[in-house]
Amino acid sequence: MTINRPGLPGDLPSAEVLWARWALIAVLEATTADEEAGPHRTGTWVDDEGLHLDDAGCTWWGFAQRGEGRYVLFGEDESSGAKWHKPPVDMLADAPGWLPHEELRDLLKGWQLGCVYWYEKGTWARAPYPATLEDDGLDCGMSRFVDRKEVLWTIGDEDHGAMPDHDAETLLGHAEGYRLTPDLLMSLVTEPDWRELDRPAMTRALERAGLDRA
């Protein structure tokens, strides 16, 4: 799946699928040490506020549920020109009232926001963009979760135990179907050579992400 530059709402899979893919990576990377890092945390993780991605460099993102069938995706990649555009892009134009407006406006005031997308009634939306905006950062920030092949590659790479393709597909399929139990997760993951899996933290992340609803 290709993401346009700037992104279009139709570039994103359903919020439920995006959540499942992002959450699965967060589960595989969960550690107790990272849970205790507080606001200084980096990587991919899930907490009571939602899903997060922060590479401590050029990209950070948040993805949160805002009630039944409602989600908000927001963040920034250095490729976004939205906050530097002249005149400024109003990223909250036409935004529904259920978005976390105070938080988002604080980020805008701090020049920390590159784009905002919201999901309701099975459809993604965003503010209208001027024709002169070349990129909002959605592609560089979210392609890792939008492209299913890239998600499978991440699941099966050496950082996550060099999982066989069949097991990676099984794991992702169960996550996308919201039927990923702790027992199934642990039966498929393997220990990377360079670190010990933190299974209790992974189980806690799985429960927070809600990937076992079936």
Side-chain angles (χ1 to χ4, degrees), residues 1-31 34 41-47 49-66 69-80 82 91 113-120 122-126 135-161 163 165 167-180 185 188-189 202 205-213:
M1 187 172 184
T2 301
I3 298 181
N4 290 278
R5 296 189 178 186
L8 297 171
D11 293 337
L12 293 167
S14 72
E16 293 81 6
V17 167
L18 182 63
W19 181 277
R21 294 174 181 176
W22 190 335
L24 178 56
I25 303 304
V27 168
L28 294 174
E29 297 183 358
T31 69
D34 284 342
R41 190 168 181 175
T42 59
T44 307
W45 72 96
V46 59
D47 60 19
E49 295 179 358
L51 291 167
H52 307 268
L53 167 68
D54 192 329
D55 71 354
C58 65
T59 194
W60 74 266
W61 296 83
F63 189 26
Q65 299 183 37
R66 301 288 295 180
R70 291 175 171 176
Y71 295 78
V72 58
L73 169 66
F74 59 98
E76 179 183 25
D77 184 89
E78 64 179 1
S79 61
S80 175
M91 298 179 216
L113 197 58
C115 65
V116 181
Y117 287 72
W118 52 90
Y119 184 87
E120 185 175 22
T123 302
W124 283 103
R126 62 155 169 78
D135 196 352
D136 67 351
L138 187 71
D139 183 21
C140 289
M142 287 291 106
S143 60
R144 72 196 74 197
F145 303 128
V146 170
D147 186 335
R148 196 172 191 274
K149 291 181 179 179
E150 188 165 346
V151 179
L152 286 168
W153 180 86
T154 300
I155 294 169
D157 68 14
E158 292 184 358
D159 286 349
H160 303 98
M163 186 181 299
D165 292 346
D167 287 350
E169 179 65 51
T170 298
L171 190 60
L172 181 56
H174 279 81
E176 291 176 335
Y178 286 82
R179 55 181 185 274
L180 182 59
L185 171 68
L188 292 171
V189 296
M202 293 168 67
L206 180 62
E207 291 172 351
R208 289 190 183 102
L211 292 181
D212 181 19
R213 304 177 190 169

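Quick caveat: nothing in here was measured; it's all calculated off a predicted structure.
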Might you work through the side-chain contact (heavy atoms from CB on, under 4.5 Å) test for His52 and Trp61, ending with a clear yes or no?
CA-CA 6 Å; His52 307 268; Trp61 296 83; over 6 Å; no
Should Leu28 and Leu171 be marked as a side-chain contact (heavy atoms from CB on, under 4.5 Å) after you check the CA-CA gap, both sets of side-chain angles, and the distance that decides it?
CA-CA 11 Å; Leu28 294 174; Leu171 190 60; 4.1 Å; yes
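- Atom CG of Leu138 and atom OG of Ser143 lie 8.5 Å apart (nearest 0.5 Å).
- Residues Tyr119 and Ser14 meet the side-chain proximity criterion, which asks for heavy atoms closer than 4.5 Å.
- A 6.0 Å sphere centred on CD of Glu150 holds more than 12 heavy atoms belonging to other residues, nucleotides or ligands.
- Considering CG of Leu51 and CG of Leu73, their distance stands at 10.0 Å, rounded to 0.5 Å.
- Using modelled atom types, one finds no donor on one side chain facing an acceptor on the other under 3.5 Å when comparing Asp11 with Tyr117.
- Arg126 has its side chain out of reach of Val116: every pair of non-hydrogen atoms, C-beta onward, lies at least 4.5 Å apart.
- Annotation: salt bridge (charged side-chain N to carboxylate O under 4.0 Å, His left out) contacts involving residues 16-25, sequence neighbours excluded, comprise Arg21-Glu176.
- Take Thr31 and apply the side-chain hydrogen bond (donor to acceptor under 3.5 Å, both in side chains) test, not counting sequence neighbours, and it matches Asp34.
- You'll find the side chain of Leu180 stays beyond 4.5 Å of the side chain of Asp212, heavy atoms only.
- Counting heavy atoms from C-beta on, the side chains of Glu76 and Thr59 never come closer than 4.5 Å.
- Partners of His174 by ring pair (Phe, Tyr, Trp, His ring centres under 6.0 Å), not counting sequence neighbours: none found.
- The backbone N or O of Ala168 sits nowhere less than 3.5 Å from a side-chain atom of Asp165 that would complete a donor-acceptor pair.
- If you take CG on Asp147 and OG1 on Thr2, they are separated by 8.0 Å, rounding to the nearest 0.5 Å.
- Residues Val151 and Trp153 are not in side-chain contact: their nearest non-hydrogen atoms beyond the backbone lie 4.5 Å or more apart.
- Side-chain atoms of Val46 and Leu206, non-hydrogen and from C-beta on, never get closer than 4.5 Å to each other.
- Every residue two or more places apart in sequence or in another chain that forms a ring pair (Phe, Tyr, Trp, His ring centres under 6.0 Å) with Phe63 is listed here: Trp19, Trp22, Tyr71.
- Between Asp77 and Trp60, every side-chain heavy-atom pair lies at or beyond the 4.5 Å cut-off.
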For a side-chain contact (heavy atoms from CB on, under 4.5 Å) check, start with the C-alpha distance between Leu53 and Phe145, then their side-chain angles and the critical distance, and finish with the verdict.
CA-CA 11 Å; Leu53 167 68; Phe145 303 128; 4.3 Å; yes
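- The salt bridge (charged side-chain N to carboxylate O under 4.0 Å, His left out) analysis of residues 52-61, with sequence neighbours excluded, yields no pairs.
- In this structure, Thr154 OG1 and Ile25 CD1 are separated by 5.0 Å, a value rounded to the nearest 0.5 Å.
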Apply side-chain contact (heavy atoms from CB on, under 4.5 Å) to Trp118 and Thr123, showing your working.
CA-CA 8 Å; Trp118 52 90; Thr123 302; over 6 Å; no
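- Inter-residue side-chain proximity for Leu172 and Leu24 is flagged as met; some heavy-atom pair is nearer than 4.5 Å.
- Listed by chain and residue number, Arg70 satisfy the salt bridge (charged side-chain N to carboxylate O under 4.0 Å, His left out) test with Glu120 (two or more places apart in sequence, or in another chain).
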